[in-house]
Structure formats: C-alpha cells, structure tokens
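Structure incoming, see below.
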Amino acid sequence: MRKLCDTLRTAMEKAGLQNGMTISFHHHLRNGDYVLNMVLETAAQMGLRDLTVNASSVFDCHAPLVDHIQNGVVTGLEANYISSAVGRAVSEGVLAKPVIFRSHGTRPSDILSGRSHIDVAFVAAPTSDPMGNCSGKYGPSACGSLGYAFADAQRADKVIVVTDNLVDYPLTDASITEDFVDFVVKVDAIGDPRGIVSGTTRMPKDPIALKIADYAAQAIDASGLLRDGFSFQTGAGGASLAVADYVKRMMLERKIQGSFALGGITGYMVDMLEAGCFKAIQDVQCFDLRAVQSIRENPNHMEITAAQYASPTAKSTAASNLDVVVLGATQIDTDFNVNVHTDSNGYIIGGSGGHTDVAEEAKLTVIVAPLSRARMSIVVDKVLTVSTPGKSVDLLVTQYGIAVNPARPELAEALKAARLPVKDIQELRQMAVAINGPAVPRLQLTDRVVGQVLGRDSRVQDVIYAVK
Amino acid sequence: MRRSMLFIPSNNPNMIVNGGVLGADSLIFDLEDAVSPDEKDAARDLLQHALEAVDFGKCEIIVRINGLDTPYWEEDLRAILPMKPDAVMPPKVCDAAYIQTLDEKLTELETEFSLEQGRTKIIALLETAVGVENAYAVAAASPRMAALFLGAEDLTADLRCQRTKEGGEIQYARGRVVCGARAAGIEAYDTPFTDVQDLEGLERDASYAKSLGFTGKACISPAHVSTVNRIFSPSQADIAYAKDVFAAIAEAKRQGKGAIALRGKMIDAPIVQRARLVLEAASEIEGVDYLA
C-alpha cells in the first residue's frame, strides 16, 4: 500500500475533500506553522468552498485565513485559542457563523465522542516515515510533543500527515502511528523554526511580576499542598514562570520530592525535573528548545495526548491528578470569573487553551495578575467574556494582596495564619479604581454574536459580540 | 524603622505607582542620577502628582534632590516640599556648611508653605572623600539630620580605586560613616549592592554592613529588598536573648538584688539598651508589643 503522495493537492483529492467539509489542524508549530496556510491555499486552488477549519489554536502566522474567509473558501472556524490577527477580523464580523471556542480538554472530548466531526485531519509532523508513523521530537522543525493531534488522528475520517523530514520505515519512536494515517506528503518546510519554539524562556526581571510570584509561591506553601508528591502546572508567561522559580527554591531547600509537572512545558520545568523536584513531566506541548530536547532524551519526560491531559469525559486525566495550577488573566471580576478571550475593547485576543480545564480540575487554582496593566484595571466588576467560571478559581494574587474565593474559607484562614496579605476581592477592585480612575465606557459592541464559548460540558457558557 | 531604602527612578510611572508594595521600609524617589537633565521638569511634575495621589502605605518617603552645585535643587524642593516627604536626600554632601545651606532653604520653604518647622528631615549622602572625612561634622550640622548614607560608587571614583564586591576599598569609609553617625546620635545606611542577580553576594555584603553597625542598606533593585530586610531585622535568637534580659531584670527586682547576671555575664546598661532596641525593632516588624 502506498500512502506517500507527490503533492498536497494529490493527498487532498485522494482524501475526498469536498465543499462543506471540516478540516482540522494542531498548533504545535505555533506561530511558525506553514501547514494551515498551505492547505487552505491548495483548497482555494482546487476551487473548494464552505470549509470549516477546526484548529486547536490559530496564531498570527495564520492571518491569510482571513482572506480565505472573505473569499468563501472557509465559512466556519472552531478553535481553543485565536490570537489577535485573526481574532480582530472575527470580532469585526468577517464570518457569518459564530466561531466555536472550546478548551484544550473539551476539544478532544468532543472529537472522540463524535460530537465534533472531522472529515480530514492534517497532521503537521516534524518527522514521519512513508506510512505515517510520525513524531514531533525529531527533524529541523522539531516541536516536541504532538499531544493536540492525537484525537484528530484517531477519529477523523481521513488523516493526512504533512512532513518536511521523511525517514525510512519504520520510525521507531513514533507518537502517532501508521494505523491512523491515510496519506503522507513531503513538503519543503512545515514551519519556521524561529516561530515554532523560542530559543530560551527567560525569567522575568519586572519587580511587580516578581512580587506577585513571591506572594503566589508563599500562598501555595500556606495551602499545605507543597509536600512530597506535589504536582504542578504553570504557564510560560512572566509572573507564572517566576512562581515556578520560587516554588523550585522552596522544594530544593526542603528536599520536597514532587510527583509531576504538567502542561505546556518550558525549559524551566525541565530544570525542575532534572534538579529532582519532580519524578516526571507530562507534556502536551513544548514551548522551547530545551523542552524539545528533554522530551526526546529523558524517559521521565512523557508525551501525553490532549485527552489524557484534560478531557472532561476521560476516565481520568493528568489534570484531575493536579494539585496546583498557576494561570494568568486578561480580566478577572469580583465573582472570580476569568476572561482570557477578549481585550477591554471587546476584540478576540486569545482563548481558554487549557485554562478552563486545569482551573476546574486542580486542587488549588491560582490566578496571578497585576492589579492593572497600562492603566487598565485587571480586576473588574464583570468580565467581558467568561472563559473560566469563578467557581474554578481559588486565589487571585496581585502585587497589592491576595483575594481568596469566599467558597474557600479554610484557605483564607491558612493564608492569614501565614501572615500573607489577604484582601477581599472588592477591596482589590476599589484599589484598582483608585489607582487608574474609573474606566470610561468606550466599548462599543453590537448584538451580533461572533463567538460561542463552550464550557467543559460542551454547552454554551458565554458569547462574544461583534465590535462596532 | 528603616532597614531597606529602595531607589525608585522618578521618571518611571510604573515603578512609582507600585513603590508601596515592594516591601521596602523607605522609598527614595530619585530626581538626581536616574533622571537626565532634559527630563528633570517632567520627573519633578510626575513625582509631585504621585506623592499627592498614590498611597504608599507605611513606606517612609525620601526624595533624592539634585546637588546644591546644580541649578535644579531649589526647584526640586519647591515642587516636593508641599507633598510633605519625610526626608530629603542631598547628594555629594561635603561638609557642615552644605547641610546648613539646605537647612536654611528648607526652613524658608516650610514657612512659605505653612508646614511645621523642621518636619523635613535630611539624610546626607556621603560619596566623596571629603564628605566621608567630614562625616561627624555633617551628622551634627543640623537637628534635621536623621542619617548618613554612604554612596560607594561615586566615592571609589573619587578615591581612584576599583569598586569590588568584597568592598575592601570602602572599609575605612564604612567605619568612618558609622562612627560619625553614631557620635551624633543618628542612623547610618550602607551603600547598595549593585549586582542585581547575585543574591548570595548581597547576603554577604549586607551581613558585613550590619556587623559594622549600619542600621540598614539601600537597594537599587526590588529583588534585594527582602534579603536586606531579613538581615537587618533582629533574629529570633536576638529577640529571645533580649526578652531574657528583661525577664532577668524583673526577677532581680522581685528578689531585691542589685547586680543582675544572665548566662554568667553581668547585665549592664549597654546590654539593656541593645535589648531594648532589638525588642522595639521586633515589635515594629511583627506588629506585637514585646516591651509591654
């Protein structure tokens, strides 16, 4: 059986791609991805129309998607995260149908249950053999884990692997295996390595981020969860990464042997693994070259699928075993609801990713955020979009103090006993207003819905309106 | 309580607005070296409004003004004094006359702005060879004098020697500044440690300064504040010993004894005074009254 096709077009024709179908993509090549644009360009040349793109995330490198929407090649979009280039066009109403936003856990849940059907999945693979055994760990475009692509490969009607590093059969250390793959295409390049992973993830020097991180680490300690067997997830953003540094110091000083680190993985988490802070890393996505090297070389650095990471319908997940997660916020309101979808002008600038999943699952969910950014209050009366419901959030840590969700009175007591600056979230809100002044309502939204944010139960949790 | 004094550039709104949450006991808003000559006006305006509008919590407010040999210092004072800073910090103080000139100007402006006479204290920055040599005269030059502060970067340039992390080149200056300040009954503050990343070096440098008698240390990075605060706070052992001193005094009084011994050593007036200072500091840091 020959799966290898000479051109992408041939593979797409053999896969039977037709008008009105749903095609899917993973985002492991992040802002360096060529494959989504390549496929849509080919679809346009083939005269295809009315396609729905289901991508785990859409980055600014995918700006040509807007043209394909405008010329009718694409009429539907589903994603867990859409950054501002495409997000702005969506907010301005470029699509007739609302975008469907899911979380990183809900997407594979819906795909595997059949609720979200995929006709043709495109798997960008940094290395593949001619039968489709493929991996993200090797090759010039190596991205590490391929965690987000598994559900697509398992349940799509047809699966096309697109690679720029074709190796002899069999690829022995494959992530997605040939039994799921229909066609393989070799192209010159699947992405720009500079956009796929950053060279190094730097620890922030901003004193405010460090102050917030210091408080957050002390709060984690005060919660009682920082003990042998500790499991931890943190983002790659400034304050989140700094929390990891403070937690690492405490773990080493007190010889605490944690269980696992989870999530999108940076070199910093690799350092913690190698320093003995954790027995394992469960990696759904690599953020930098050090993480890619580690997942390739260290058997305790495991690749996991998005479903294994955080699917709400899986029998168990890494997220459901998680003690502490540290997350960011674009806005957080006095009910602890977090917005990571829209900016203060109502434009789409992101999405849940795994935020909603791990916030709900972890024993302790810590939101780290400055009280204001560029004179915009981060703590608001009501978030513009509910990305993660307030019931999933335990702590908000700002440089001015820590607010504890009133549903966790015992946590508030533990933090007070540790002499941490516990404040009512209303008080933080008032401080933000005192510093920045009351926001002048300039936001202008229409009543047309351009986005539906699905909750972890796959029902509509909130909607995003078009900007005037 | 002034263990840590954190420099904040007066032309950086983000740093200014967050100054109160960085953990420092005192904030030194800098109008001098951190601000280029063409930004002096803007920084002065920004700082004036910030001091009026921003809540800095319990932090002591110090403003480093431009030197008396520049055209800026009088305008600095005119803009800042109505905002009632706790102290001003003049740079490159060379002798008592410098302080007396500043004192007269402060008195004049306090009258003009209907402020309490003498409310504005002075923390003199000694950063030249002549300034260090005149440490005691400067410290005793005015009732406004609250502290001497050693600035080692400019000093080593004046001494024509290399500034090192070990600090052998400022050994004499450190001793002279502490001695001059203590002789005049005021506080002494040590020069900042300038390698922001080297927290171990900071720990050694600050511990050494404390051992020489400095009250606290300036910081050029918020990352240094918690280390400096910890080192210049009384240790649990210090607090326990100070409590024992007062307990022994109370017990001796109860028994009607004159001479008091603790752990085989006589308790004399300097020991009692030191124990009192330790408990006063600990009370302020921990919010508990150890002397009650």
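Residue numbering restarts at 1 for every chain, and letters A, B, ... go by the order of the sequence lines.
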Between chain B and chain A, which N and O donor-acceptor pairs fall under 3.5 Å? A table would be great.
residue: V17(B); atom: O; partner: Y400(A); partner atom: OH; Å: 2.8
residue: N18(B); atom: OD1; partner: Q399(A); partner atom: NE2; Å: 2.7
residue: V21(B); atom: O; partner: K211(A); partner atom: NZ; Å: 3.4
residue: E286(B); atom: O; partner: R419(A); partner atom: NH2; Å: 3.2

Tell me, side chain or backbone of V17(B) under 4.5 Å from chain A's heavy atoms, or both, or neither?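 Its backbone and side chain both get close to chain A.
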
Output the residues of residues 22-42 of chain B for which the shortest heavy-atom distance to chain A is under 4.5 Å, in residue-number order; output 'none' if no such residue exists. L22(B), G23(B)

